[in-house]
S.K.: 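Structure incoming, see below.
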Amino acid sequence: MPSTLIAPAMPPAMPSAARPRQNLLARLQQRVGHWPELMRQRHALSHLDTRALRDIGLTPEAARTEAARPPWDAPGHWTD
């Protein structure tokens with residue numbers, strides 16, 4: 001007896017209103033996912049001495065300002 005192949009049922013299309021919410025959630029997860037690395041780098045920056053800061057072109061004041069920024073205040077190239 002030949003068997004008939006039945007295609008699996010296709011999931012219903014996602015409502016168009018749910019797509020922007022899904023995209024927003026994905027962007028938020030991506031942005032928050034960078035926070036531990038950004039915090040680690042800012043912490044390391046706060047522990048550099050004046051000579052090391054001069055080598056990378058920062059003043060101690062600029063380094064303190066950058067290190068004190070909250071993780072959600074990320075540079076533009078981190079969020080693209």
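Bear in mind that the values here come from a model prediction, so they are computed numbers and not experimental data. Every heavy atom of this structure was used, including side-chain atoms; hydrogens, water molecules and symmetry mates were not.
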S.K.: Is I56 close to L45 at the side-chain level, that is, under 4.5 Å between some pair of heavy atoms?
M.R.: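 Answer yes - side chains close enough.
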S.K.: Of all the heavy-atom pairs spanning L38 and P71, show the shortest one and how long it is.
M.R.: CD2-O, 3.3 Å
S.K.: Mind checking side chain to side chain donor-acceptor pair (under 3.5 Å) for R27 and listing every partner two or more places apart, or none if nothing turns up?
M.R.: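 By the side chain to side chain donor-acceptor pair (under 3.5 Å) rule, R27 matches no residue at all.
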S.K.: Using the rule that two of Ile, Leu, Val, Met, Phe, Trp, Tyr join whenever any of their side-chain heavy atoms come within less than 4.5 Å, decide whether V32 and L25 are in one cluster.
M.R.: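 Different clusters.
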S.K.: Pairs in or reaching into residues 67-76: which pass side chain to side chain donor-acceptor pair (under 3.5 Å), with residues at least two apart or in two chains?
M.R.: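 Listed by first then second residue: E66-R69, R69-D73.
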S.K.: With salt bridge (charged side-chain N to carboxylate O under 4.0 Å, His left out) as the rule and sequence neighbours excluded, what pairs involving residues 44-56 come up?
M.R.: none
S.K.: Considering non-hydrogen atoms only, spot the tightest contact between R42 and A67 and give its length.
M.R.: O-CB, 3.5 Å
S.K.: Which residues pass the side chain to side chain contact (heavy atoms under 4.5 Å, CB included) test with E61, sequence neighbours left out?
M.R.: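 In terms of side chain to side chain contact (heavy atoms under 4.5 Å, CB included), with neighbours along the sequence ignored, E61 is linked to T59, R64, T65.
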S.K.: Can you list everything that forms a side chain to side chain contact (heavy atoms under 4.5 Å, CB included) with H43? Sequence neighbours excluded, please.
M.R.: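 Counting only residues at least two positions away or on another chain, H43 forms a side chain to side chain contact (heavy atoms under 4.5 Å, CB included) with S46, H47.
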